[in-house]
Amino acid sequence: MQARLCGVSLALAPGEACYIPCGHVSGGGLAFDGGGKLVQLDEADLLKRLKPLLEDDAVLKIGQNLKYDYLIFRQRGIRIAPFDDTMLLSYVLDAGKQGHGMDELSELHLGHKPIAFGDVAGKGKDKITFDQVSIEEATRYSAEDADVTLRLWMLLKPRLMAEKKRTVYETLERPLMPVLAEMEREGIAVDPDLLRKLSNDFATEMAALETEIGKLAGESFNVASPKQLGEILFDKFSLPGGRKTKTGAWSTDADVLEELAAQGHDLPKKVLDWRLLAKLRGTYTDALPTYINPQTGRVHTSFAMAAAATGRLASTDPNLQNIPIRTAEGRRIRQAFIAPKGFKLISADYSQIELRLFAHIAEIPQLKQAFADGLDIHAMTASEIFGVPVKGMPAEVRRRAKAINFGIIYGISGFGLANQLGIARSVADDYIKKYFQRFPGIRDYMEATKEFACEHGYVETLFGRRVHIREIKSTNPGMRGGAERAAINAPIQGTAADVIRRAMIRIPEALAEARLKARMLLQVHDELVFEAMDAEVEKTQSVAVKVMEQAPLPAVQLSVKLTVDARAAQNWDAAH
DNA sequence: AGTCTCACG
DNA sequence: ACGTACGTGAGACTC
């Protein structure tokens, strides 16, 4: 959003690439080489000459992580098209095998280690910005970038056809890139005054807790240090339930502290309270305002398309996919995400999408029927396993069934379920046994999926997205168990990711067709956040819901319906 | 840079 | 007997 353009590198054939500098500092605007020859162009002139090429329908533009370049040019009135992205090609072909950054791909596929950026621009306190790099060195670095990208494309593009992944690339990856770029560009409004107030409130509470913690500990120490905390709890006071981390230090995670708190110890309880506030303050109330772009007044995240092996997006700088919601204090932070005056935020989220897709993929008739009947799926599960009628069901019974339902999606284990519910391993094992008896298709699906993964080394989503499972043949039972659970989870999580990707690709055109000015701002795995003028809120909601619910069609016929709930309000908390 | 912890779906 | 819920990103501490 704020990067200045130093230059553009281009490659037309392997081994031949160039760098066109336009923003280096040497020579104050225009740079000359030793012989007095002009080696730097004026940016406006460069863009004017490149625009027809970058927008020419007959010229394919190839890039690595092209969303970055797309944004740079989009900020300057140029929309790159048509294009291929070697990062996305790699992601479609090799998700789960390795990362998809250029340096890694170059070493792997070309056997060539590119010049490290740190060697060119330095690191730490000696770091310079790229405009200060000499044009000679910038040329070596940048032209190599373009050359490597072209060479990668020549290897990866034919594999796309040979490995039958063209549809995934062309319907789920490539068209999403400009959509995400526009979302990033749009940004979301955040209320810095509210965040500052929250930060102060939290700081006051933390200071009070620190005093109390110091008194209980008999000494003042750094509450933020797990090392010091562990020594006080388990060496000084010799409290029971001490567990070691893999490096031999005392574990002080929330599970350990909650157990101690349940035994009536005040110190760990206060540390838990302190940690909640420290987390919210450090990660959100204090960090978010520093991301407000001074030109737009909004926060512009980056969405990473090739980060999660399952097809999910990731959000960075800042991560807007983990804004608090589970605690009252956390929701106060969500209230700082706002729509400007005269606008509303709309949140539209899929209801139980992973369980619905699981019912379809694993072909579980009772689950499908329950969704068709619009039943409370966790209550239904509870009544099936525990034989308790849905009417008048105790909340605890439903909570257990809900944990089992989530466990199923994650590749359930007795250990994990017991841990989650705080019950004995034997009881958890019993629940799972009953679950499998009641829905025999589930065990079949799990066994079949593990077998498929073992035979092929990968699993696939309904849309044909391939997720490689590296450790599936590991002789280490722990590693292999983890890989098996990942294999069970990936088709479900991945299909849900595919569905929302389809929706996101179609939404901008659907909004345009409906003559709506509303903008899509954020994606949070099963949720899309929009901003709409007050007068357009209802129409926008109806377009979003319609496109999201119909997203899988016609590529895939689902035997369960997908339902979407949408709500509008002045802030994200109220809209969700 | 690695570890621990914890925020989200 | 072993070690386990799936997928992420980020901040603080520690070395």
Side-chain angles (χ1 to χ4, degrees), chain A residues 95-96 123-124 221-230 244-257 271-272 274-288 291 301-304 307-327 329-331 333-334 349-350 352-355 358 403-421 425 428 432 459 467 469 471 474-494 496-497 500 522-527 576:
Chain A
K123 15 172 148 167
F221 69 101
N222 183 354
V223 183
S225 164
K227 186 165 172 276
Q228 294 177 36
L229 175 63
K244 296 282 182 88
T245 66
K246 64 173 176 232
T247 52
W250 291 112
S251 172
T252 66
D253 67 18
D255 276 349
V256 170
L257 299 187
V271 172
L272 282 168
W274 185 91
R275 277 202 184 150
L276 170 73
L277 298 172
K279 182 74 173 179
L280 297 181
R281 201 164 106 98
T283 312
Y284 303 104
T285 61
D286 289 0
L288 280 171
Y291 282 98
T301 187
S302 291
F303 288 105
T310 53
R312 274 196 179 178
L313 302 176
S315 162
T316 61
D317 309 305
N319 182 356
L320 295 186
Q321 290 181 324
N322 74 344
I323 300 304
I325 194 167
R326 292 173 191 176
T327 64
E329 290 87 350
R331 282 194 295 276
I333 291 165
R334 211 165 256 251
D349 69 305
Y350 285 102
Q352 307 281 7
I353 186 167
E354 291 195 358
L355 266 181
F358 176 75
I404 299 173
N405 279 334
F406 277 112
I408 289 296
I409 292 171
Y410 298 150
I412 202 160
S413 75
F415 179 91
L417 183 63
N419 229 359
Q420 177 68 35
L421 284 174
R425 168 76 189 264
I432 295 169
V459 291
V467 183
I469 310 289
E471 312 282 5
S474 172
T475 50
N476 176 329
M479 296 283 255
R480 195 175 59 248
E484 286 170 353
R485 292 190 297 276
I488 289 164
N489 176 259
I492 305 163
Q493 187 183 117
I500 196 165
L522 299 177
Q523 188 251 43
V524 192
H525 309 308
D526 64 355
E527 172 190 11
H576 192 273

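Bear in mind the structure is a predicted one, so any value in this text is a computation, not a measurement.
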Checking all strands, does [X] fall into the base, sugar-phosphate, or nothing category for heavy-atom contacts under 4.0 angstrom?
| X | result |
| --- | --- |
| A:I323 | sugar-phosphate |
| A:N322 | base |
| A:R275 | sugar-phosphate |
| A:A428 | nothing |
| A:I488 | nothing |
| A:A496 | nothing |

Next on the checklist: Taking the C1' atom in each of B:dC6 and C:dA1, what is the distance between them to the nearest angstrom?
Outcome noted: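 Looking at atom C1' only, B:dC6 and C:dA1 are 32 Å apart.
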
Item to check | Gap in Å between the two C1' atoms, one belonging to B:dA7 and one to C:dC2, rounded | outcome: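 Comparing C1' positions in B:dA7 and C:dC2 gives a spacing of 31 Å.
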
Checklist entry - Has the side chain of A:Q321 got a donor or acceptor atom that lies under 3.5 Å from a matching backbone atom of A:Q523? => result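 Yes; judged by distance alone, with no hydrogens or angles, the pair exists.
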
Next on the checklist: Any side-chain to backbone donor/acceptor pair from A:S302 onto A:D317? Under 3.5 Å, distance only.
Outcome noted: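 Not a single qualifying donor-acceptor pair exists.
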
Checklist entry - What are the bounds, 5' to 3', of the part of DNA chain B that sits under 4.0 Å from heavy atoms of chain A? => result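 Answer, 5' to 3': B:dT3 to B:dG9.
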
OP1 or OP2 of [N] less than 4.0 angstrom from a side-chain nitrogen or oxygen of [X], does that happen here?
| X | N | value |
| --- | --- | --- |
| A:R485 | C:dT4 | no |
| A:Q228 | C:dT14 | yes |
| A:N476 | C:dC2 | no |

Less than 4.5 Å apart, side chain to side chain, heavy atoms only: is that true for [X] and [Y]?
| X | Y | value |
| --- | --- | --- |
| A:I500 | A:I353 | no |
| A:R281 | A:L277 | no |
| A:R275 | A:T252 | yes |
| A:L288 | A:L320 | yes |
| A:I492 | A:Y410 | no |
| A:N319 | A:T301 | no |

Next on the checklist: Quick check on contacts: within residues 404-413 of chain A, what sits under 4.0 Å from DNA chain C by heavy-atom distance?
Outcome noted: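 Correct list: A:G407, A:Y410, A:I412, A:S413.
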
Checklist entry - With respect to the side chain of A:K227, which nucleotide from C:dT8, C:dT14, C:dA10 is positioned closest? => result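 The answer is C:dT14, which lies nearest to the side chain.
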
Item to check | Stem regions touching DNA chain C, defined by at least 3 consecutive Watson-Crick or wobble G-U pairs below 3.5 angstrom | outcome: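 So the stems come out as B:1-9 with C:6-14.
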
Next on the checklist: For the residue pair A:K244 and A:W250, would you count it as a cation-pi contact if the rule is NZ or CZ under 6.0 angstrom from the ring centre and within 45 degrees of the ring axis?
Outcome noted: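 That pair qualifies as a cation-pi contact.
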
Next on the checklist: If you go through the side-chain atoms of A:R480, does one of them form a donor-acceptor pair with the base of C:dT4 closer than 3.5 Å?
Outcome noted: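 There is none.
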
